Amino acid sequence: MGKYGEEGDRLIFKVLDSGEYLEKTLTYKKLLDLSGQTLHQRQLQDKVLASMDSKTNSDTLNSTILAAQGKQSEIESQLIYFINESLTSKRITSEISEKALRYDLTVPFARYVVQHQNEITFPFKRFQVQPVWRADRPQRGRYREFYQCDADVVGSDSLLNEAEFIMIYDEALTQLGLKDFSIKINNRKILSGIAQVIDKSDNIIDLTVAIDKLDKIGLDGVTKELLEKGFTDADIDKLKPVILLEGNNTEKLASLREALAQSEIGLKGCDEIETVFGYIERCPLQTAKLELDITLARGLNYYTGAIFEVKTNEVNMGSIGGGGRYDDLTGMFGLKGLTGAGISFGADRIYDVLEELNLFPAGSNQTTQVLICNFDKAGELYSLPLLQQLRRNNINTELYPAGAKIKKQMEYANNKNIPYVVVIGGDEMQTGLLTFKDMASGVQEKLTADEIVAKLNRD
RNA sequence: GUAGGCAUAGCUCAGUUGGUUAGAGCACCAGAUUGUGGUUCUGGGGGUCGUGGGUUCGAGCCCCAUUGCUUACCCCA
């Protein structure tokens, strides 16, 4: 702020962070500031992810960055970036408007669906790659501004959608070069069933939050947390075999069915998972390991069926994707009974992983092949037709603005890894024989414009 | 929201128990080379030491506050 003059500043959306203005902040790390190679790599990645869009034949959507408030859970609300809209009116007391930067892409998608319900053909699929904001404490792999790539389908309760999402994860992450990652799947109905069999349906949140930490704090830690939350030793004894499920997916399911025999909803969850596994068996995954993981409890607020989480096993990083099914997401905006399912890629975390694994091709940002150097106005004018001729022959060419010393222009070419330089001075303009230099070897020769085109086209 | 660590040049960092004019590497600019980069040599510009207060004859260093960054929690992509 304060960088656009008085007029400009009046139009800026000011952001509140925990009630304090963010001023005099030059670089605010963990907010995105992409440039050069980084941006190029990101575009490369987005391209692959977005290619999934056409493969699954979805619509694309760009939603506004401003999110309606009060649509997230209480816990999520703590992480929302609130906004103070800078009002241009001459009110004496400035009013803080009730706006926030969007927290995710799912809720704005739900709003969009409700607003355009009459124009939309259901089932409606959409793919969306856009930034979201969280007022979180940033740390490794956790940003205040980050890109999510969301794929959702609304208006279909078929479990084929769940299977398709698993295939999208597998396809996109494989294309990006990941070699070892797991897609964990669970079902909210199974969690409900577990709560039901120990007669603790009201405490399902406490239960799942505790179980979710199993791999971090171990069984003892989970037990301790559950006891603190009012669960009894008898409850925990009943839970143990469920929490400590072992074996492959089939074996786990069999044990679960046994444990959940008394719970209709729990068994339904088992059925759903089994159906999805059945679909995936018909079209095996390339790379991903699909694992039933009943400790998975994310997004409990609105998920009602399948729950997904993707983790890379190559790098220490939080989940790089998540999603699930929500039976009534649009309900909060007044449209009841519309079921949907969706997944999200954490684009920035995926980027971090790819970079750590060196999966971006080296030198992928070198695009200019020829730099035209010139010395004065005459050289500038002489060079323009050559610039056009080279570009029309699909040779990426830059013309250095005249006025700099040749040394400066060469340095520019060198720093930008431009392989060829054409020097145009008085002699060249007179004879039409241009100085053509190969930067790698340092060899120079005198060539006509046509000869340069021919030479470069041969490469 | 909880608990640590850090803040010195554009970047990465030195800076002794508190003591002259705060240093290095890289980057940048100029020259050696008036039309030639990448190697080399010479010189140069760059700093309110995050901000505000305090202790002291004297603070980059000690104390307090504040802001920001960062790591691990909570939670999440």
Side-chain angles (χ1 to χ4, degrees), chain A residues 17-31 49 72-80 103-106 129-150 169 205 208-210 212-213 216-217 221 225 296-301 308-312 316-324 342-353 371 373-376 379 400 402 404-429 434-444 446:
Chain A
D17 180 16
S18 308
E20 305 259 353
Y21 283 102
L22 298 175
E23 289 190 12
K24 63 183 177 181
T25 309
L26 290 175
T27 57
Y28 203 1
K29 283 175 187 164
K30 298 292 183 181
L31 289 182
L49 292 180
Q72 265 88 8
S73 71
E74 254 178 68
I75 292 173
E76 287 173 330
S77 293
Q78 292 171 6
L79 298 179
I80 291 176
Y103 175 88
D104 63 11
L105 301 180
T106 309
V129 181
Q130 283 194 285
V132 301
W133 289 266
R134 306 235 171 129
D136 201 358
R137 293 269 174 141
Q139 55 188 273
R140 176 183 159 84
R142 312 187 59 176
Y143 299 89
R144 286 178 160 166
E145 174 181 1
F146 60 96
Y147 275 76
Q148 286 192 330
C149 307
D150 264 42
Y169 271 137
I205 304 256
T208 51
V209 165
D212 188 43
K213 294 178 195 161
K216 273 187 191 166
I217 60 179
E225 183 156 334
L296 185 60
R298 67 186 36 257
L300 202 64
N301 321 294
F308 299 112
E309 177 171 284
V310 185
K311 283 206 73 166
T312 169
N316 175 27
M317 180 65 72
S319 64
I320 55 173
I343 54 169
S344 177
F345 292 84
D348 298 274
R349 281 189 180 173
I350 293 172
Y351 170 79
D352 289 343
V353 169
L371 175 74
C373 297
N374 70 109
F375 302 107
D376 47 29
Y400 199 95
K405 288 183 178 176
I406 183 84
K407 183 172 175 168
K408 192 85 192 156
Q409 304 189 35
M410 286 285 173
E411 223 169 81
Y412 177 83
N414 193 61
N415 287 343
K416 292 192 74 177
N417 285 317
I418 299 171
Y420 301 104
V421 169
V422 174
V423 181
I424 299 176
D427 292 350
E428 285 84 354
M429 283 187 272
L434 311 178
T435 299
F436 180 81
K437 176 165 184 171
D438 180 328
M439 291 297 280
S441 65
V443 173
Q444 291 187 187
K446 294 275 197 174

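Values below: every heavy atom of this structure, side chains too, minus hydrogens, waters and symmetry copies. Chain naming here is simple, since letters A, B, ... match the order of the sequence lines and numbering starts at 1 in each. These numbers come from a predicted model, not from an experiment.
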Quick note, Thr435(A) side chain, CB onward, closest among G35(B), G37(B), U71(B) is G35(B)
- Query: For atom C1', what is the distance between C41(B) and G50(B), given to the nearest Å?
  - Reply: 38 Å
**Item:** Distance between C1' atoms of U33(B) and G38(B) (Å, rounded)
**Value:** 15 Å
inquiry  = If I pick the P atom on U66(B) and the same atom on U20(B), what distance separates them, to the nearest angstrom?
reply    = 32 Å
Which of U71(B), G37(B), C74(B) is nearest the side chain of Arg142(A)? It is C74(B)
From CD of Glu225(A) across to C1' of C73(B) the rounded distance in Å is 12 Å
At less than 4.0 Å, is any side-chain N or O atom of Lys213(A) found next to OP1 or OP2 of C75(B)? Yes or no. yes
### Query
If you look at every strand shown and take non-hydrogen atoms under 4.0 Å, does Ser344(A) touch a base, only sugar-phosphate, or nothing?
nothing
In whole angstroms, the gap separating P of G37(B) from CD of Gln409(A) amounts to 12 Å
Picking from G37(B), C76(B), G35(B), the nucleotide nearest the side-chain atoms of Arg349(A) would be C76(B)
Is a donor from one side chain sitting under 3.5 angstrom from an acceptor on the other, for Lys416(A) and Tyr412(A)?
yes
Here RNA chain B, pairs taken as Watson-Crick or G-U under 3.5 Å and shown with ( ), [ ] when crossing and | when to another strand, reads (((((((..((((.....[...)))).(((((.......))))).....(((((..]....))))))))))))....
To the nearest angstrom, the CG-C1' distance between Asp348(A) and C76(B) comes to 14 Å
* Asked: Per the atom types in the model, does the base of G35(B) pair as donor or acceptor with the side chain of Glu428(A) at under 3.5 Å?
  -> yes
When rounded to whole Å, the CG to P distance for the pair Asp352(A) and C76(B) reads 20 Å
In whole angstroms, the gap separating P of C75(B) from CD1 of Ile205(A) amounts to 12 Å
Whole-Å distance, Ile406(A) CD1 to U36(B) P, equals 7 Å
- State, yes or no, whether a side-chain contact exists between Met410(A) and Val423(A) at a heavy-atom distance under 4.5 Å. yes
Quiz item: Do the side chains of Glu428(A) and Lys446(A) get nearer than 4.5 Å, heavy atoms only?
Solution: yes
Atom OH of Tyr143(A) and atom P of U70(B) are separated, to the nearest Å, by 9 Å
> For Asn316(A), does its backbone N or O pair with a side-chain atom of Arg140(A) as donor and acceptor, under 3.5 Å?
Replying inline: yes
Problem set entry | Separation of the C1' atoms in U16(B) and C62(B), to the nearest angstrom | 16 Å
Can you find a donor-acceptor pair, distance only, under 3.5 Å between Gln444(A) side chain and U36(B) base?
yes
Taking the C1' atom in each of G47(B) and G10(B), what is the distance between them to the nearest angstrom?
12 Å
Query raised in the report: Do Glu225(A) and Lys213(A) come within less than 4.5 Å of each other through their side chains, counting heavy atoms only?
Result: yes
*If you look at every strand shown and take non-hydrogen atoms under 4.0 Å, does Gly425(A) touch a base, only sugar-phosphate, or nothing?*
base
>> Check the phosphate of G31(B) against Lys405(A), side-chain N and O only, distance under 4.0 Å to OP1 or OP2. Yes or no?
In response: yes
Exercise. Check whether any side-chain heavy atom of Ile418(A) lies under 4.5 Å from a side-chain heavy atom of Met439(A), and answer yes or no.
Key: no
Quick note, Gln139(A) side chain, CB onward, closest among C73(B), U36(B), G37(B) is C73(B)
5'-most contact on RNA chain B (nearest-nucleotide basis), Val443(A) vs Lys408(A), goes to Lys408(A)
Considering only the P atoms, how many Å lie between G4(B) and C13(B), rounded to the nearest integer?
24 Å
Separation of C75(B) atom P from Glu309(A) atom CD, nearest Å, is 13 Å
Would you check if Ile406(A) and Tyr400(A) make a side-chain contact, meaning some heavy-atom pair closer than 4.5 Å?
no
Distance check, C1' atoms only: U36(B) and G43(B), in whole angstrom units. 22 Å
The reported gap from CG in Leu371(A) to NZ in Lys437(A) (rounded to nearest 0.5 angstrom) is 12.0 Å
- For the side chain of Asn414(A) and the base of G38(B), is some donor closer than 3.5 Å to an acceptor across the two? no
From the candidates G35(B), C75(B), G37(B), the one with an atom nearest any side-chain atom of Asp427(A) is G35(B)
message = When you measure only distances, ignoring hydrogens and angles, does the side chain of Lys437(A) come within 3.5 Å of the base of U36(B) through a donor and an acceptor?
response = yes
Would you measure the distance from the P atom in C64(B) across to the matching atom in C6(B) and give it in whole Å?
13 Å
Query - Sub-6.0 Å ring centroid separation between Tyr147(A) and Phe345(A) - result: no
